[in-house]
Number of protein chains: 2
Amino acid sequence: MPTRSAAQRQAEAKVVYDAFVATCPTRQVFATLSDKWVGLTVNALSGGPMRHGELRKKIAGASQKMLTQTLRLLERDGLVTRTVTPTVPLRVDYELTQLGWTLVPVMAAVKKWSETHIQEIMAARDDYEASELRKH
Amino acid sequence: MPTRSAAQRQAEAKVVYDAFVATCPTRQVFATLSDKWVGLTVNALSGGPMRHGELRKKIAGASQKMLTQTLRLLERDGLVTRTVTPTVPLRVDYELTQLGWTLVPVMAAVKKWSETHIQEIMAARDDYEASELRKH
DNA sequence: CGGCATCCCATGCGATACTG
DNA sequence: CAGTATCGCATGGGATGCCG
């Protein structure tokens, strides 16, 4: 006789999340983290709370629309809090939540990797291009 | 009298790469890493060399086109090698390069984070949705 | 089997203009 | 200053069909 019911075993089995599975909810989260604006925003906020305008300056090239959209997404997923101070003009501060902070080292590592290996990558591109030319 | 020429100082200054700068080449690399197919492919290849078809099975939902496109990109950037065995039918193996391996822990961390915090995120979404409803 | 070319639609995202 | 709404273009990416 089993010590757990079939339903219980299934419930436990469901806990085995795997982003390789297309229908797994983690795939969607993985896709979210794989968004450059999300990554840059989390990296930016790792320096402390920031206002909307400050973030736009920090993250060069981010349109106001993309930034708002990204911040809403992060807020919805519980990674960022949005605090409105109803002064005139309006003041809005964004800050990482506890959950958001757990993501910081991960995203920082991605940014760091880009900056550390850029030269190897550019060299590889030159090589690749050169060998492509040789073919034709 | 300076110990380094202006040109030398500038050459050194150029080494200060920062993905926050839109025109910085690292931004482009950061954007590349922020591609879910890139992330999933690197994660998949961390288990060892794989054939095109094997990768497609592993990475559920990846179309043949996207996979080829992603692999070409990784090959061009020196992260993956492509080995063709001219048998019939054709056999093509993909394998991480030494540079590619340095990226594995980073991408594995992203995948791991997704799988570890999915429940907190789903809970946050429920909360968010509930508070949105309360507003209207 | 692995890959390229073509077609084509859905959406991502910037630009602009307006509100609180 | 922060945010929403609208328009319109660019491109991401699937489906299909043909070659090595």
Side-chain angles (χ1 to χ4, degrees), chain A residues 19-20 22-23 27-28 30-41 44-45 49-77 80-95 128 131-133 135-136, chain B residues 21-23 27-28 30-41 44-45 49-77 80-95 128 131-132 135-136:
Chain A
F20 281 131
T23 54
R27 166 67 74 87
Q28 194 197 340
F30 186 85
T32 297
L33 302 188
S34 300
D35 176 308
K36 67 175 175 183
W37 300 122
V38 167
L40 289 169
T41 303
L45 288 174
M50 293 182 82
R51 302 182 58 174
H52 183 104
E54 293 173 328
L55 280 166
R56 273 200 75 185
K57 261 185 292 179
K58 179 93 178 175
I59 306 171
S63 68
Q64 185 269 355
K65 180 180 174 180
M66 280 316 298
L67 191 53
T68 298
Q69 192 172 302
T70 301
L71 289 165
R72 284 285 178 287
L73 180 74
L74 293 174
E75 190 193 359
R76 186 186 67 127
D77 283 1
V80 159
T81 57
R82 176 170 179 273
T83 309
V84 180
T85 312
T87 52
V88 176
L90 204 61
R91 178 191 176 101
V92 181
D93 286 273
Y94 292 95
E95 185 172 8
Y128 186 84
S131 66
E132 284 301 296
L133 284 178
K135 285 184 189 172
H136 312 294
Chain B
V21 180
T23 54
R27 167 67 75 86
Q28 193 197 341
F30 187 85
T32 297
L33 301 189
S34 300
D35 177 307
K36 68 174 172 181
W37 299 123
V38 167
L40 289 170
T41 302
L45 287 174
M50 291 183 83
R51 301 181 59 175
H52 182 104
E54 293 174 330
L55 279 166
R56 275 200 72 183
K57 262 184 293 181
K58 180 92 176 175
I59 307 170
S63 67
Q64 183 269 351
K65 179 182 174 178
M66 282 316 297
L67 190 53
T68 298
Q69 192 173 302
T70 301
L71 288 165
R72 283 285 177 288
L73 180 74
L74 293 174
E75 190 193 358
R76 185 186 69 125
D77 284 359
V80 159
T81 56
R82 177 170 179 271
T83 308
V84 180
T85 310
T87 52
V88 177
L90 203 61
R91 179 192 176 100
V92 181
D93 285 273
Y94 293 94
E95 186 171 8
Y128 186 84
S131 67
E132 284 301 296
K135 286 183 189 171
H136 313 293

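Lettering follows sequence order; numbering is per chain, from 1.
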From CE of Met66(A) over to C1' of dT11(C), roughly how many Å is that when rounded to an integer? 12 Å
Grab the NZ-P distance between Lys36(B) and dT11(C) for me, whole Å please. 13 Å
After noting the C-alpha distance and the side-chain angles of Lys36(B) and Leu33(A), does the key distance pass the side-chain contact (heavy atoms from CB on, under 4.5 Å) rule? CA-CA 8 Å; Lys36(B) 68 174 172 181; Leu33(A) 302 188; over 6 Å; no
Would you mind classifying the nucleic acid contact of Gln64(A) as base, sugar-phosphate or nothing, using non-hydrogen atoms under 4.0 angstrom? base
Rounded to the nearest Å, what distance is computed from the CG atom of residue Asp35(A) to the C1' atom of nucleotide dG12(D)? 14 Å
Report yes if a side-chain nitrogen or oxygen of Arg72(A) is closer than 4.0 Å to either non-bridging phosphate oxygen (OP1 or OP2) of dG3(D); otherwise report no. yes
Between atom CG in Asp93(B) and atom P in dC1(C), what is the gap in whole Å? 14 Å
For dC13(C), take OP1 and OP2 only and decide whether either is under 4.0 Å from a side-chain N or O of Ser63(A). no
Between dT11(C) (P) and Gln69(A) (CD): distance, integer Å: 13 Å
Rounded to whole angstrom units, what separation is found between the NZ atom of Lys65(B) and the C1' atom of dC8(C)? 10 Å
Under a 3.5 Å distance rule, please check whether Arg27(A) uses its side chain to pair with a backbone N or O of Phe20(A) as donor and acceptor. yes
Gap between atoms CZ and C1', on Arg56(A) and dC13(C) respectively (whole Å): 13 Å
Report yes if at least one side-chain N or O of Arg82(B) is closer than 4.0 Å to OP1 or OP2 of dG2(C); otherwise report no. no
How about Leu45(A) and Leu55(A): do any of their side-chain heavy atoms sit closer than 4.5 Å? yes
For Arg51(A) and dC1(D), is the shortest distance between a side-chain N/O and OP1 or OP2 below 4.0 Å? no
For Thr68(B) and Lys65(B), indicate whether the former's side chain and the latter's backbone hold a donor-acceptor pair under 3.5 Å. no
Thr41(B) versus Tyr94(B): any side-chain heavy-atom pair under 4.5 Å? no
Ranking Leu90(A) and Trp37(A) by the position along DNA chain C of their nearest nucleotide, the one closer to 5' is Trp37(A)
Does Tyr94(B) place a side-chain N or O at less than 4.0 Å from the phosphate oxygens OP1/OP2 of dG3(C)? yes
